[in-house]
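Remarks on the structure that follows.
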Amino acid sequence: MNTQSNSSEPRDIAVIGAGIVGMSCALFLQRDGHRVTVIDPVDPGSDAQSSFGNAGSISMSSVLPTAMPGIWRKLPKMLADPTGALAIRWRYLPTLAPFLLSFLRQTARGRVEANGRAIAALIHGVFDAYDTLVAETGTQDLIVRRGSLKVYKTDQSFAASAFERKMLAENDFEFEILNSDELRQLEPALAPIFKHALYLPQSGGATNPGQLVRRFAERFVAKGGVIHRAPATGFRFADGPVSAVVTGSGDVAADAVVLAAGSWSRGLARQLGAPVKLEAERGYHIMLEKPPVMLQRFTMFADAQFALGVHDEGLRVTTGVEYASVDAPPDYRRIRAVLPDVAESIRDLDISERGIWMGRRPTLPNSVPMIARSPRHANAYFAFGHSHLGLTMGPVTGRIIADLVAGRDPGIDMTPYQVNR
Ligand SMILES: Cc1cc2nc3c(=O)[nH]c(=O)nc-3n(C[C@H](O)[C@H](O)[C@H](O)COP(=O)(O)OP(=O)(O)OC[C@H]3O[C@@H](n4cnc5c(N)ncnc54)[C@H](O)[C@@H]3O)c2cc1C
């Protein structure tokens, strides 16, 4: 072990968490010549990870944070709707209160625009980082670049996207506005009930996100990386710096540690001196059989609050923003309630359920991930809080973490991603 922080020398680095974020950090650190151990009690790509069951969108368009201007006015109605997209388990409200207060403070227009700029700055680097890891891991078969869509049934719902279009334009993202005929030509699988669409040509997708993480991990191990199958429970310190990660099956000695445990990062971050307001924002998917004419690209349905992901095993319906404790049991009622709308939206679709799943988006109040060095322990790094965009931002986060560990300039202003924000 080398406890000096000479960044150009190979060092022993522990990464906590084997989801898309942790595995991307591990691969980029390995490219720099470090000896990397990934610590996780579950297999990379397992269904316990958020990285397994997401919609597969690699989004070059999701610049809006969840905390939007005026959302607090809509909250009571949204929460009262038993099949609506937002739910809070009431018993969890006292625990959630500090997060909610911070969230509401982020809804001021200036904050929303700043948070959108921070998200956009990361998104611009997404495909460079993906290209590097996809070439490294031979996973070209799992990545598609066909753009994405957001579709609107009414003039009113399309008009409500004006702020989003302004943010896309201001942050240099390409988009095209399609009428119903243009939309039908681009995406024949859609039923002819949509009057308007936004086509985001720069976006792409992963056709099997769990498989992608698994294949990243296989390559990592083939190159000499170690996966330590145990939960991290704490740290040992040597007069300030972390010297080892304590796990359920022994210590893992490390010159540096990266915390990338997704929704489970809060307790470990606190032990590293960062009391973060991280919540598990739960979301759901249902797998359906592919329709006779398959959807070609990730599509969001603005009027009905669900999205469809294009998975190699079928059509993946995703929805839900649910706040409850990280370990609370799933409540599948809301996602099942959107199936009639899904059936109405895709031609000749069989909505028999082939699989159902709940995942946890690691979410901070302003939707901006924490990608930073610990303010208290100079060799500890944070890489969590990617919320709705972890699949999108995993590789670019890994690239930036490797830059921070090496002392290289990551090429973007890192201020918005710090612990103290
Ligand atoms: C319904 C839904 C749809 C989504 N759609 C998209 C999408 O289309 N595009 C997109 O970009 N994002 C999407 N997301 C978000 C994305 O899935 C997440 O942001 C991303 O998977 C987070 O990755 P992660 O590696 O941080 O966390 P995870 O994948 O959850 O991995 C965290 C890992 O940490 C491990 N861990 C926990 N505690 C410990 C411990 N003590 N010690 C060691 N390891 C530990 C866990 O076992 C787990 O393996 C979606 C999410 C949901 C729920």
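Read the numbers this way: they start at 1 and go in the same order the structure lists the ligands and their atoms.
- Selection from P362, A280, G262 by nearest heavy atom to atom 22 (C) of ligand 1 gives P362.
- A salt bridge is defined here as a Lys NZ or Arg NE, NH1 or NH2 lying under 4.0 Å from an Asp or Glu carboxylate O, and K153 with E344 meets this definition.
- On a distance-only criterion, A232 and ligand 1 share at least one N/O pair closer than 3.5 Å.
- At least one test fails for R376 against the ring of F237: distance under 6.0 Å to the centre or angle within 45° of the axis.
- Salt-bridge formation is detected for the pair E136/R31: a Lys NZ or Arg NE/NH1/NH2 atom is positioned less than 4.0 Å from an Asp or Glu carboxylate oxygen.
- Residue-ligand proximity, I20 to ligand 1, at heavy-atom distances under 4.0 Å covers atoms 23 (O), 25 (O).
- A donor-acceptor contact closer than 3.5 angstrom is absent between the side chains of S62 and H388.
- The shortest contact between atom 14 (N) of ligand 1 and any protein heavy atom is with N54 CB, 3.5 Å.
- Taking 4.0 Å as the cut-off, S263 does not count as a neighbour of ligand 1 on heavy-atom distance.
- Of the N or O atoms in T392, one or more lie within a sub-3.5 Å distance of an N or O in ligand 1.
- Electrostatic pairing of D350 and R354 counts as a salt bridge here, judged by a charged N lying under 4.0 Å from a carboxylate O.
- Taking any N or O of S50, backbone or side chain, at least one lies under 3.5 Å from an N or O belonging to ligand 1.
- At a 3.5 angstrom cut-off on N or O pairs, V42 does not count as close to ligand 1.
- Ligand 1 places these atoms under 4.0 Å from at least one heavy atom of L389: 10 (C), 11 (O), 12 (N).
- Residue contacts with ligand 1 do not include A48, since none of its heavy atoms lies under 4.0 Å from the ligand.
- Remark: side-chain polar atoms of R361 are not paired, donor with acceptor, to backbone N or O of V321 under 3.5 angstrom.
- Among all non-hydrogen protein atoms, the one lying nearest atom 8 (O) of ligand 1 is S57 N, 3.0 Å.
- We find that E187 and R146 are not joined by a salt bridge, their nearest charged nitrogen and carboxylate oxygen being 4.0 Å or further apart.
- The aromatic rings of F173 and H124 lie parallel to each other, with less than 30° between the two planes, well short of the 60° mark.
- Residue, atom and distance of the protein heavy atom nearest to atom 37 (C) of ligand 1 are W264 CB, 3.4 Å.
- In this comparison of S148, P41, P231, the heavy atom closest to atom 45 (C) of ligand 1 sits on P41.
- Only backbone heavy atoms of S387 (N, CA, C or O) come within less than 4.0 Å of ligand 1; its side chain stays farther off.
- Looking only at heavy atoms of the protein, atom 31 (O) of ligand 1 is closest to G19 CA, 3.6 Å.
- Between F158 and H196, the ring planes lie parallel to each other; the angle is under 30°, not in the 30° to 60° tilted range.
- In this structure, R145 forms a cation-pi arrangement with F127, its terminal cationic atom sitting closer than 6.0 Å to the ring centre and no more than 45° off the ring axis.
- Under a 4.0 Å N-O distance rule, the pair R214/D43 does not qualify as a salt bridge.
- Polar contact check, L391 against ligand 1: a nitrogen or oxygen pair lies under 3.5 Å apart.
- Backbone and side-chain nitrogen or oxygen atoms of V21 are examined, and one is located within less than 3.5 angstrom of a nitrogen or oxygen of ligand 1.
- The two residues D12 and A253 make their nearest non-hydrogen contact at CB-O, 4.3 Å.
- Distance from atom 29 (O) of ligand 1 to its nearest protein heavy atom, with residue and atom name: S51 OG, 2.4 Å.
- A salt bridge is absent between E170 and R117: the closest approach of a Lys/Arg side-chain nitrogen to an acidic carboxylate oxygen does not fall below 4.0 angstrom.
- Distances between N or O atoms of Q49 and those of ligand 1 include at least one value under 3.5 Å.
- No heavy atom of F384 sits closer than 4.0 Å to any atom of ligand 1.
- No side-chain donor-acceptor contact under 3.5 Å links R360 to the backbone of S50.
- At a 4.0 Å heavy-atom cut-off, ligand 1 touches H388 through the backbone alone.
- Protein heavy atom at the shortest distance from atom 2 (C) of ligand 1 is R361 NH2, 3.7 Å.
- Of the protein's heavy atoms, G390 CA, 3.7 Å lies nearest to atom 20 (C) of ligand 1.
- Of the protein's heavy atoms, D40 OD1, 2.8 Å lies nearest to atom 47 (O) of ligand 1.
- Using modelled atom types, one finds no donor on one side chain facing an acceptor on the other under 3.5 Å when comparing Y92 with E322.
- By the criterion of a heavy-atom distance under 4.0 Å, neither the backbone nor the side chain of F52 is placed next to ligand 1.
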